[in-house]
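Fair warning: this is a prediction, and the values are worked out from it, not measured in the lab. Values below: every heavy atom of this structure, side chains too, minus hydrogens, waters and symmetry copies. Every chain is numbered from 1, with letters handed out A, B, ... down the list of sequences.
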Number of protein chains: 2
Amino acid sequence: MDDLPPRQAEVLECIRRIIVTRGIPPTYREVGDELGISSTNGVADHVKALVEKGYLRKPMRGVARGLQLTAKTTSMGDSPTLDVPILGNVAAGVPIMADENLDGCLHLGRDMVPGKGPSFALRVRGESMIEEGIHDGDYVIVRQQQTARNGDMVVALVDDEATVKFFFKEGKRIRLQPAHPTMAPIFVGADQRAAIQGKVVAVFRKY
Amino acid sequence: MDDLPPRQAEVLECIRRIIVTRGIPPTYREVGDELGISSTNGVADHVKALVEKGYLRKPMRGVARGLQLTAKTTSMGDSPTLDVPILGNVAAGVPIMADENLDGCLHLGRDMVPGKGPSFALRVRGESMIEEGIHDGDYVIVRQQQTARNGDMVVALVDDEATVKFFFKEGKRIRLQPAHPTMAPIFVGADQRAAIQGKVVAVFRKY
DNA sequence: GAGTATACTGAACGGGCGTTCTGCTGTCAA
DNA sequence: TTGACAGCAGAACGCCCGTTCAGTATACTC
């Protein structure tokens with residue numbers, strides 16, 4: 001993901017920083033001034049490469065300050081902010097990573113979403129994590145990953161349905177443990193692959 | 001707050017919509033095209049008025065697409081998104097509304113933060129609302145207001161310290177009720193004014 | 001009736017800014 | 001050693017775009 005040539009990475013970082021801190025994208029000359037590139041063409045070359053590689057977007061050509069960040073950029077590196085798309089309910093079907101948001105975005109400070117990699121948000125249905133302080137209707141912010149460690153709270157796909165549970169590997173089977181006084185854990189055998197969608201890294205609730 | 005002349009409100013709404021949906025501010029001519037204003041000066045007049053009234057900002061003059069929204073704009077109207085500044089800990093001193101963010105921002109879909117008016121976020125210290133699923137370290141999103149209704153979860157100033165409690169008016173006194181099995185409520189007499197800072201409208205937790 | 005705010009048209013100026021072209025210097029793999 | 005890629009310089013073109021100046025029209029207040 002982050003296999004950019006060093007100078008291109010600097011250019012991308014510079015553009016991202018300016019967009020985040022100033023609220024409006026820089027011009028080629030502004031980028032050049034910051035990085036010591038006197039020719040606009042020098043910057044244009046880098047931008048062209050970054051667009052081709054999917055790190056930047058240029059929706060309208062020939063337009064002043066027309067550079068935009070893509071999801072690839074906002075969910076990478078040490079960006080101070082992060083756009084987390086809300087992909088749907090955690091009890092309804094398979095969540096799919098998409099560029100465009102379905103139900104809006106959670107825009108959070110980078111330090112509030114631990115770890116790297118793409119993230120998404122889901123709405124929790126049911127009370128299975130009530131003892132963790134996660135209620136029906138809460139949103140969970142999930143970092144996409146296929147594996148998990150014992151004790152992690154994960155979003156897993158069981159019978160084509162996504163659920164939020166604690167993850168425990170017990171020998172050959174996996175235990176998906178709810179945080180509810182009366183609900184029983186779900187066991188997934190070695191044959192049925194437990195499709196881990198990601199790890200819950202944050203929770204959001206609306207009153 | 002929203003006492004703008006109708007046409008100025010349309011211009012502001014148009015600019016805000018374009019910034020939110022396209023990610024980059026519009027030019028005067030783009031605004032004019034959308035609203036049927038053929039002269040850039042017509043738009044410039046509206047922008048000038050909106051800047052003077054504090055609804056827009058123009059940090060650099062003479063710069064293409066240099067318009068920015070102010071906190072006044074983002075926390076008003078039917079904006080689809082909302083920037084909520086994080087102002088500090090809920091147990092540490094008086095929260096103050098400021099233009100610039102202290103600890104970053106929660107950028108949330110408008111429909112996720114009920115109600116109107118300016119909002120801010122605070123970090124909760126202690127376990128006093130544990131039974132509500134609000135843990136130590138959680139963030140609460142607070143809509144600024146001076147009054148509250150029975151049962152509201154509010155941020156109140158008691159002895160110059162901000163706390164999160166449920167609000168109940170009981171005759172002449174006010175009861176600030178924690179959601180904790182062993183913690184006692186705080187009573188505020190009629191003489192001591194309970195300084196309500198706002199109402200908790202959302203919660204955010206980071207793992 | 002004078003003054004002020006709103007809401008524009010039309011035109012022109014001048015710098016901002018993306019684009020394009022040519023050409024240069026490296027490095028690295030084939 | 002030929003080629004591809006990264007990373008520039010320098011210059012020129014031409015539209016984009018904020019700004020400014022000069023008016024016009026309506027509505028409202030004093």
Side-chain angles (χ1 to χ4, degrees), chain A residues 1-19 22-70 73 77, chain B residues 1-19 22-70 73 77:
Chain A
M1 179 78 107
D2 207 352
D3 54 348
L4 284 175
R7 201 57 171 159
Q8 286 181 24
E10 285 183 56
V11 171
L12 180 59
E13 168 57 24
C14 174
I15 291 171
R16 197 195 47 68
R17 199 191 65 247
I18 290 178
I19 290 180
R22 294 214 318 232
I24 117 174
T27 66
Y28 287 8
R29 286 168 181 84
E30 286 171 3
V31 174
D33 287 345
E34 293 227 14
L35 299 179
I37 304 173
S38 68
S39 170
T40 55
N41 185 40
V43 180
D45 279 353
H46 290 304
V47 169
K48 194 175 162 191
L50 289 168
V51 169
E52 283 170 0
K53 294 175 183 176
Y55 290 92
L56 287 176
R57 205 172 1 186
K58 236 178 355 174
M60 306 162 284
R61 70 160 278 167
V63 158
R65 301 175 187 276
L67 291 177
Q68 290 184 11
L69 302 178
T70 63
T73 306
Chain B
M1 179 77 107
D2 208 351
D3 54 348
L4 285 174
R7 200 57 170 159
Q8 286 181 24
E10 286 183 56
V11 171
L12 180 60
E13 168 57 25
C14 175
I15 292 171
R16 197 196 47 67
R17 198 191 66 246
I18 289 178
I19 290 179
R22 293 213 320 229
I24 118 175
T27 66
Y28 287 9
R29 286 169 180 84
E30 286 171 2
V31 174
D33 286 346
E34 292 227 13
L35 299 179
I37 304 173
S38 68
S39 171
T40 56
N41 186 39
V43 180
D45 280 351
H46 290 304
V47 168
K48 195 176 162 192
L50 289 168
V51 169
E52 282 169 1
K53 293 176 183 176
Y55 290 93
L56 287 177
R57 205 171 2 186
K58 237 180 350 178
M60 306 160 286
R61 70 160 279 166
V63 156
R65 301 175 186 276
L67 290 177
Q68 291 183 10
L69 303 178
T70 63
T73 306

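Helix-axis bend for the helix from C:dG1-D:dC30 to C:dC28-D:dG3: the local axis fitted to the five terminal pairs at one end deviates from that at the other end by 20°, rounded to 10°.
Here A:Arg29 does not reach the OP1 or OP2 of C:dG16: none of its side-chain N or O atoms lies under 4.0 Å away. Residue B:Thr40 places none of its side-chain N or O atoms closer than 4.0 Å to OP1 or OP2 of D:dT19.
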Trace of the side chain to side chain contact (heavy atoms under 4.5 Å, CB included) decision for A:Val47 with A:Ile15: CA-CA 10 Å; A:Val47 169; A:Ile15 291 171; 4.2 Å; yes

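In the set C:dC17, D:dG7, D:dT20, D:dG7 carries the atom at the smallest distance from any side-chain atom of A:Gln8. Among D:dG10, D:dG7, D:dT19, the nucleotide with an atom closest to any side-chain atom of B:Tyr28 is D:dT19. Proximity note for A:Arg65 (side chain, C-beta onward) versus D:dT20, C:dC17, C:dT22: the nearest is C:dC17.
Between the CG atom of B:Leu12 and the C1' atom of C:dT6 there is a distance of 16 Å, given to the nearest Å. Atom P of nucleotide C:dT19 and atom NE2 of A:His46 are separated by 16 Å, given to the nearest angstrom. Here the P atom of nucleotide C:dG23 and the CG atom of A:Asp45 are 16 Å apart, to the nearest Å. Going from atom CG of B:Asn41 over to atom C1' of C:dG10 covers 10 Å, rounded to whole Å. Between the P atom of D:dC17 and the CD1 atom of B:Ile15 lies a distance of 14 Å, rounded to the nearest Å.
A:Arg65 and A:Pro25 make their closest contact through NH1-O, 3.0 Å (heavy atoms, listed as atom of the first residue, atom of the second, distance). Among all heavy-atom pairs drawn from B:His46 and B:Ile37, the shortest one is CD2-CD1, 4.2 Å. Of all non-hydrogen atoms in A:Tyr28 and A:Leu67, the two that sit nearest each other are CE1-CD1, 4.2 Å.
Among the heavy atoms of the strands lying under 4.0 Å from B:Ser39 is at least one base atom, whether or not backbone atoms are also near.
Atom CZ of residue B:Arg29 and atom OG of residue B:Ser38 lie 11.0 Å apart, to the nearest 0.5 angstrom.
Nearest-nucleotide assignment on DNA chain D puts the 5′-proximal partner with A:Ser38, out of B:Thr27 and A:Ser38. Of the two residues near DNA chain C, B:Val11 and A:Pro26, the one whose nearest nucleotide lies more 5' is B:Val11. Nearest-nucleotide mapping onto DNA chain C: of B:Ala64 and B:Ile37, the residue sitting toward the 5' end is B:Ile37.
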Considering only nitrogen or oxygen atoms on both sides, find all protein atoms under 3.5 Å from nucleotides 24-27 of chain C and state each distance.
none

